[in-house]
Amino acid sequence: SIKNSLRQRTFPRCFKLLSYLFAKVGLLSGICLIVGTMIGSGIFISPKSVLLYSGAVGPCLLIWAACGVLSTLGALCYAELGTMITKSGAEYSYLKECFGPLPAYLFSWTTVMVLKPSAFAIITLSFAEYASAPFYPGCSPPLIVTKCLSATAIFLIVSVNCLSVKLASYVQNIFTAAKLFIILIIVVSGIVLLAQGHTENLSNAFDGSSSSFGSIGLAFYNGLWAYDGWNQLNFITEELKDPYRNLPLAILIGIPLVSVCYVMVNLAYFTVMTTTELLLSPAVAVTFGDRVFYPLSWIVPLFVVLSTFGSANGSCFTAGRLAYVSGREGHMVKILSYISLRHYTPSPALILNGLLAICYIIPADINRLINYFSIAQWVFYGLTALALIVMRFTRKDLHRPVKVPIVIPGLMVIVSCYLVLAPIIDKPEMEYLYCAAFIFCGLLLYFPFVHWKVSWGTKLTSEYTTVFYLSSLF
């Protein structure tokens, strides 16, 4: 009777509830989703890393601008894919359509188990660093403090998202407004300082530039991590109003806007800080606020904390989307695609994402997590761009409302190969091996549980599903 209840109540309600929860998204909402997801903790934490690997102000600013161009080109490729294959799930759907179920499964495995929770962990670590910085003036907060605060933030955000979709949406709207406000304050302040002649840190901007093949790649990694989120609209293609029009328009409006904000914010930082001071600063935006807004300098860390918290909430909010799509296709356990019958939220996927994020904050620092996150992500970005090229020849029958020049996905494939291989060749580290191991460990589960569908595996997952279903009723 329990299994019959699962079939009769859970599956239909899952599809019905998801249609309710993820309402139709228009052009303005699509732009807000892109901008709100992209502008997170990266612009407040990545400037140090980009400058560290690029070596000077000039290359640093150029890399920030180039990252914006690359993000736009990548998003244009996704605009063609999203209007050609109007399914949610982004890379998962495109890889499955072009290369079959195995690459799509490896993407969903890596993203659900590694990329989403590691991104969640990175953002909450940034939140914790900025939230604790005012209590430790002149030095970095103790690692144990930031990690405990990060774990607390993860628990709070997951709880909010599990309790109510509406509450999570309100939280996201409020904190998105906060991040746009602090970006505007920093940009306007930088423009005023430049007009007043504070340009000494911008002279000889290319002195000390790095010429290392791998260092430039790592600089791009950290810059592109701050831009990550340009593909988020493709995860909800099925819920997008008129995707043939709104998807490319949202990309062409949102990403250049973010690019201008990022370059101007970094320029503002260099009007008051030398390269050495910026690298030594425990929290770049806080140091900027101390020098520009004193005695109201507290406004910067406050709004940066709100910004990073909102970004973490957004990351958590979207984390269950891919799990649902891959669960629907049989590539993940069905339990991850279920909705809480009491709160109408994707609780299983959210809880798993939070637990993994807490695990990821324990052993690593922010910079290592960024490198770890980016190398795996760019493997799949490159494969997706390659899928676009392949389907130009193998799927000529598909309707393409948006069609980019083939040189653009070709360039994305080359850039992806560079970003994946350059740091490994220049300076091999264990993190890259861990990344490859995570991806291919998925094969150990794919063949018995997905490809062959062994009876004991199906029975085991069915029992876990039953237990979780019963717990959701109480």
Side-chain angles (χ1 to χ4, degrees), residues 18 21-38 40 70-99 103-108 110-112 115-116 119 224 227-256 258 314-315 317-329 331 349 376-391 395 398-404 408-409 412-413 416:
L18 276 169
L21 295 176
F22 299 97
K24 291 292 183 180
V25 177
L27 176 60
L28 181 60
S29 298
I31 294 171
C32 291
L33 177 63
I34 291 174
V35 173
T37 306
M38 290 177 70
L70 284 174
S71 298
T72 304
L73 294 178
L76 288 174
C77 295
Y78 277 58
E80 177 175 336
L81 288 165
T83 53
M84 180 175 65
I85 304 169
T86 54
K87 295 180 181 178
S88 296
E91 291 94 338
Y92 176 83
S93 297
Y94 312 144
L95 293 173
K96 187 172 184 291
E97 185 74 26
C98 181
F99 300 120
Y105 168 82
L106 289 177
F107 170 75
S108 63
T110 307
T111 304
V112 171
L115 300 183
K116 282 292 187 182
L224 288 167
Y227 279 95
D228 194 68
W230 47 264
N231 62 334
Q232 292 301 301
L233 211 53
N234 292 73
F235 280 94
I236 60 165
T237 305
E238 294 173 13
E239 288 73 47
L240 189 64
K241 290 180 181 177
D242 192 7
Y244 305 115
R245 171 183 176 270
N246 291 337
L247 182 62
L249 271 180
I251 287 169
L252 289 173
I253 295 171
I255 298 177
V258 174
S315 175
F317 187 79
T318 60
R321 194 64 178 139
L322 177 61
Y324 165 73
V325 175
S326 56
R328 183 179 67 184
E329 299 293 332
H331 284 177
Q377 187 69 75
W378 278 93
V379 168
F380 292 108
Y381 284 159
L383 282 175
T384 305
L386 180 62
L388 176 57
I389 298 173
V390 171
M391 284 191 286
R395 299 301 306 273
L398 292 175
H399 177 54
R400 292 173 170 83
V402 176
K403 191 172 183 179
V404 299
I408 293 180
M412 289 302 298
V413 171
S416 299

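What you see below is based on every heavy atom in this structure, not just the backbone, and it leaves out hydrogens, waters and symmetry mates.
- The SG atom of Cys77 sits 9.5 Å away from atom CD1 of Ile251, with the distance rounded to the nearest 0.5 Å.
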Report the C-alpha separation of Arg395 and Glu97 in whole Å, then their side-chain angles, then the decisive distance to 0.1 Å, and conclude whether the side-chain contact (heavy atoms from CB on, under 4.5 Å) test is met. CA-CA 10 Å; Arg395 299 301 306 273; Glu97 185 74 26; 2.5 Å; yes
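- Of all heavy-atom pairs between Ala250 and Leu27, the closest is N-CD1, 3.7 Å.
- A pairwise comparison of heavy atoms in Thr83 and Pro243 identifies CG2-O, 3.5 Å as the closest pair.
- Remark: Tyr227 engages Tyr262 in a ring pair (Phe, Tyr, Trp, His ring centres under 6.0 Å) (not counting sequence neighbours).
- Of all the heavy atoms in Ser416 and Tyr381, the pair that sits closest is OG-C, 4.1 Å.
- Side-chain contact annotation: Tyr78 with Glu91, donor-acceptor N/O pair under 3.5 Å present.
- Note: Phe235 CZ to Leu322 CG = 5.5 Å, rounded to the nearest 0.5 Å.
- Residue Ile34 holds its CD1 atom at 8.5 Å from CG of Asn234, rounded to the nearest 0.5 Å.
- With rounding to the nearest 0.5 angstrom, the CE atom of Met84 is 11.5 Å from the OG atom of Ser93.
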Stepwise, does the side-chain contact (heavy atoms from CB on, under 4.5 Å) test hold for Met391 with Ile85? CA-CA 11 Å; Met391 284 191 286; Ile85 304 169; 3.9 Å; yes
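- Across all their heavy atoms, Ala349 and Ala323 have their closest contact at CB-CB, 4.0 Å.
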side-chain contact (heavy atoms from CB on, under 4.5 Å) between Thr384 and Phe107, worked out: CA-CA 10 Å; Thr384 305; Phe107 170 75; over 6 Å; no
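- Thr111 contributes no side-chain N or O that, together with a main-chain N or O of Ser108, makes up a donor-acceptor pair within less than 3.5 Å.
- Applying side chain to side chain donor-acceptor pair (under 3.5 Å) to Tyr92 and the options Lys87, Glu329, His331 leaves one that passes, His331.
- Arg400 approaches Leu398 most closely through the heavy-atom pair NH1-O, 3.2 Å.
- Annotation: side chain of Leu388 is not in contact with side chain of Tyr94 (no heavy-atom distance under 4.5 Å).
- A side-chain contact (heavy atoms from CB on, under 4.5 Å) with Ile255 is found for one member of Leu73, Leu76, Thr72 and no other, namely Thr72.
- Tyr105 OH to Thr110 OG1: the interatomic distance, rounded to the nearest 0.5 Å, is 9.0 Å.
- Note that CZ of Phe380 is 13.0 Å distant from CG of Asn231, once rounded to the nearest 0.5 Å.
- Summarising the geometry of Ala385 relative to Met412, their closest heavy-atom pair is CB-CB, 3.8 Å, with the distance given to 0.1 Å.
- Few gaps surround CZ on Phe99; more than 12 heavy atoms of other groups in view lie less than 6.0 Å from it.
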